[in-house]
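For reference, positions follow the sequence shown, starting with 1.
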Amino acid sequence: FYVNRGQAVASFGIKSKEYPILEFNAANKAYQLTPYIGFRTFIKGKRAGKDFMSEPFSPATSRNLESSEDQDDLPKRVMFVGANECEIRDIDSANGLTTSVTYIVLPEESFGALVRRTNITNTGDDAVTLSALDGLAKLEPVGGQIEWGLKEMGRTLEGWMGVYQAGEGTKMPFYRMSTETGDTASVKIELEGHYLLSFLESSKKTAELLPVVYDTNAVFGSDTSLLEPDGLKVRSVKEILSRPQFGQARTSSGFAALELITLQPGESISIASFYGKASHIEDLVPIAKTVTEAGYVAKKFEQARTMIDALTSSVETQTTSHLFDGAVKQMFLDNSLRGGMPMVLGNVDESARYSNYDEDDRIKVFHVFSRIHGDLERDYNAFYIDDTYFSQGHGNFRDVAQNRRDDVTFTPRIASFDVQMFLAFIQADGYEPLTVEAVIYFIDDKNVGAEIAAEATSDPASAKTLTEVLNGGSYRPGQLLKLIDELKIEMTMPRERFVDRVLAASTDLPQATFGQGYWGDHWDYYIDLIDSYLAIYPDGEESLMYDKELRYFFSTATVKPRSEKYVVTYTFDGQSKHILQLDSTIFDTDKEKEQEQFRSGKTGILSFDAYWQRTPNGGDAFTSSPIAKLFLLGAIKFATRDAWGMGIEYEGGRPGWNDAMNGVPGMVGSGMPETYEMHQLLSYVKKVVDKYDRPVVVPAELAEMISAVTVALDNLDASAFGEPKSVEFEVP
């Protein structure tokens, strides 16, 4: 995450906010802290016999945008934002230096890193000799989920912190805690760590690693506010490197140290730095060998750009406005990060490669890059991104559904995948879970798993281990490849072909979790998904609606009856009483007992079958056709309209899209937008039924409910009810 303060990057890390390399701070704090605890560059130079010291991007030398005075003696600063990179530039005419810093996330490697390129150019008229410290003022170690500790007991947490070295000197620092800090009897020794590798970039020869200053006191001295580099002010970089450094029981830094480099007018140097995480300190040497290869950094910067061009190629637009063309790509990219980008897998032969998800059972769809939209301003969302190949994370139902509405337009081979997945999430009570997770896969036939393992490995031991992995339960592609690496399984089959081979032989199953409350609008997007599918496959409607069988999601949350959730309480002024609807859902212990039947005695984990409705007495998964599920949904929404028969009640405890209306369910409120959606849904169901004239098989419980609703409607007609000319203020 980046802001337009200091050196831009305000936070980065692994997987989620809980695993930071640079601590996550909400936007209001990030604006204040980034220039001090984030990336810093300190330069000590000599030009024409005169010494100077500067800090590019320092707030102390920022121009005052509120002032009308001449500030040409202060540096000019510019920020450039690309689709997959960020660059800042400090033009310091007083010292004759221009410093630019560019960031990317390392693309397409088996290890992850934030890549930082610091370029210093001599823009003066004569030579300048420079020494510099360039890096991160506050670098957090690996130690499990530490975000809470940094916020609540950061000083205590420092007792576990340490910096270790992967080689001689200080060129490969490894930042980790001695153990994870959980307050439990189980102690986990920490082996993973964060690393910093820095070097002068070269296109012609292998680079040598620069020494790293990790001792914060060596740089800042006694200035614990990190405002001024008091240590560097009184000592040269060479002197700092010659003194002992201390990284135990304190928060450390990570500065690449550059000594006495002379730049002629117009000449530049580039410091490349890699900040990442490794599973073990022994991994640093091979990582360093890779990143210091001649031309490696330039290749990765180019790859970061071309990768985004490839990912957004389906919306490439060429007009006379380059800004508009770029905006289209950026919007597509942003939406894809919310809903994910579908990858079509299982391409094991020519027939499969020319088939879609509906035509060939071997074809599978997996969405990558998807995640919940947490950032510095939406600090309330706990995003998560797998640190694996095929990286993705869970997302909120609404966000994922609305951002996948055009998937089939851009990737026609997914066919009805999205429609089937989201309709499967409809529960028997007409509600849906909050959190959508990635699809899982499993192999039904253990002989097939063993056969694939034998084909893909080079020795019997590897085949045996891989067989146990493939037949051991459900998996996702990235997790599968990560396990292969961790278990050191010797593979002979290329990774891409292996994934296609395994997934072609697997069964797929969508995954979700209840989360919190039942939102009133999650089902609004079904017709959009169906319309998009029919725009590409107009002849697929009958088969989709009648010939598919979909499960029902099963959650332990049950909506309470009104007698248990309607509460009489005082109004805000304490002068009268009113009715509130509170705690609309309850943890249903009967449902919990049903789920417990699927808990593994070996692992203690619930199997995926626990989250899908079963036939009585733990039977098979209960299924219906898509048209039956849509009819069930529309019928339930019709039956849960409010007392005026207008809006659909927010009886599940949550409103529709607008979270600012969270108080409406408490006021026993309802929503008219949902009523219009209900009309659209039932109109579509009727159109399909009339068009194909096929029977719709529904659950017996739904038939019973419809009979009761029909009787109620007949009674209403018999009462000679008529719409009132005016509506009373008090709802009956």
The test is ring-ring contact (aromatic ring centres under 6.0 Å, His included); show your working for Phe39 and Tyr275 and say whether it passes.
CA-CA 12 Å; Phe39 287 103; Tyr275 295 81; 5.2 Å; yes
Could you tell me whether [X] and [Y] make a salt bridge, using a distance below 4.0 angstrom between a side-chain N and a carboxylate O?
| X | Y | result |
| --- | --- | --- |
| Glu23 | Lys17 | no |
| Lys233 | Glu228 | yes |
| Glu87 | Arg89 | yes |
| Asp386 | Lys15 | no |
| Arg243 | Asp215 | no |
| Arg155 | Glu158 | yes |

Could you walk me through whether Gln32 and Arg5 pass side chain to side chain donor-acceptor pair (under 3.5 Å), step by step?
CA-CA 8 Å; Gln32 300 165 359; Arg5 304 287 193 278; over 6 Å; no
Please check if any side-chain donor atom of [X] sits under 3.5 Å from a side-chain acceptor atom of [Y], or the reverse.
| X | Y | result |
| --- | --- | --- |
| Ser370 | Arg338 | no |
| Ser336 | Asp334 | no |
| Gln303 | Lys300 | yes |
| Gln145 | Tyr19 | yes |
| Thr292 | Thr206 | no |
| Asn122 | Arg47 | yes |
| Thr319 | Asp325 | yes |
| Thr41 | Gln7 | yes |

What do the steps show when you test His367 against Asp407 for side chain to side chain donor-acceptor pair (under 3.5 Å), and what is the final call?
CA-CA 10 Å; His367 284 76; Asp407 273 6; 2.8 Å; yes
Between [X] and [Y], what is the shortest heavy-atom contact and its length?
| X | Y | answer |
| --- | --- | --- |
| Ala278 | Asp283 | CB-CB, 4.0 Å |
| Asn119 | Ser270 | ND2-OG, 2.8 Å |
| Ala30 | Ala10 | CB-CB, 4.0 Å |
| Ser268 | Thr121 | OG-OG1, 2.6 Å |
| Leu196 | Ser273 | CD1-CB, 4.0 Å |
| Leu22 | Ile37 | CD1-O, 3.6 Å |

Residues Arg250, Asn217; criterion side chain to side chain contact (heavy atoms under 4.5 Å, CB included); working and verdict:
CA-CA 10 Å; Arg250 62 176 66 177; Asn217 292 351; 3.1 Å; yes
Begin from the C-alpha positions of Ser252 and Thr216 and carry the test side chain to side chain donor-acceptor pair (under 3.5 Å) through to its verdict.
CA-CA 5 Å; Ser252 297; Thr216 306; 5.3 Å; no
Strictly distance-based, threshold 3.5 Å: is any side-chain N or O of [X] a donor or acceptor partner for the main-chain N or O of [Y]?
| X | Y | answer |
| --- | --- | --- |
| Thr317 | Val315 | yes |
| Asp51 | Lys46 | no |
| Asp375 | Glu377 | yes |
| Ser391 | Asp387 | no |
| Ser67 | Asn64 | no |
| Tyr175 | Ser253 | yes |
| Ser54 | Pro56 | no |
| Asn403 | Asp399 | yes |
| Asp92 | Asn95 | yes |
| Thr170 | Val212 | yes |

Quick one, Gln165 with Phe174, criterion side chain to side chain contact (heavy atoms under 4.5 Å, CB included). Give me CA distance, side-chain angles, the key distance, then yes/no.
CA-CA 6 Å; Gln165 296 296 329; Phe174 195 63; over 6 Å; no
In residues 256-266, what donor-acceptor pairs under 3.5 Å come from side-chain atoms, sequence neighbours left out?
{"from": "Thr262", "atom 1": "OG1", "to": "Thr129", "atom 2": "OG1", "distance (Å)": "3.1"}

Answer with yes or no after comparing the ring centroid distance for Phe57 and Phe42 against a 6.0 Å cut-off, counting only values under it.
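No - the distance between ring centres of Phe57 and Phe42 does not fall below the 6.0 Å cut-off.
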Heavy-atom side-chain contact between [X] and [Y] under 4.5 Å:
| X | Y | value |
| --- | --- | --- |
| Phe369 | Ile385 | no |
| Thr61 | Arg77 | yes |
| Phe332 | Met341 | yes |
| Tyr164 | Gln248 | yes |
| Glu147 | Pro20 | yes |
| Pro141 | Trp160 | no |
| Leu130 | Val128 | yes |

Checking side-chain contact (heavy atoms from CB on, under 4.5 Å) between Thr99 and each of Ile88, Asp134, Ile43, which is the one that passes?
Ile43
[X] atom [atom1], neighbour heavy-atom count above 12 within 6.0 Å:
| X | atom1 | value |
| --- | --- | --- |
| Phe410 | CZ | yes |
| Glu486 | CD | yes |
| Met53 | CE | yes |

Would Arg371 and Tyr384 count as a cation-pi pair here, with the cationic atom under 6.0 angstrom from the ring centre and within 45° of the axis?
no
Report yes or no: is the cationic atom of Arg40 (NZ for Lys, CZ for Arg) under 6.0 Å from the centre of the six-membered ring of Phe255, at an angle within 45° of the ring normal?
no
Show the numbers, then the answer: is there a ring-ring contact (aromatic ring centres under 6.0 Å, His included) between Phe111 and Phe274?
CA-CA 11 Å; Phe111 55 93; Phe274 288 71; 7.5 Å; no
If you round to the nearest 0.5 Å, how far is CG of Leu481 from CZ of Phe390?
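Between Phe390 CZ and Leu481 CG, I get 6.0 Å after rounding to 0.5 Å.
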Criterion side chain to side chain contact (heavy atoms under 4.5 Å, CB included) on Thr102 and Glu85, from CA distance to verdict
CA-CA 7 Å; Thr102 311; Glu85 63 187 291; 3.7 Å; yes
Applying side chain to side chain contact (heavy atoms under 4.5 Å, CB included) to Val142 and Met177, what does each step give before you reach the verdict?
CA-CA 6 Å; Val142 172; Met177 292 186 175; over 6 Å; no
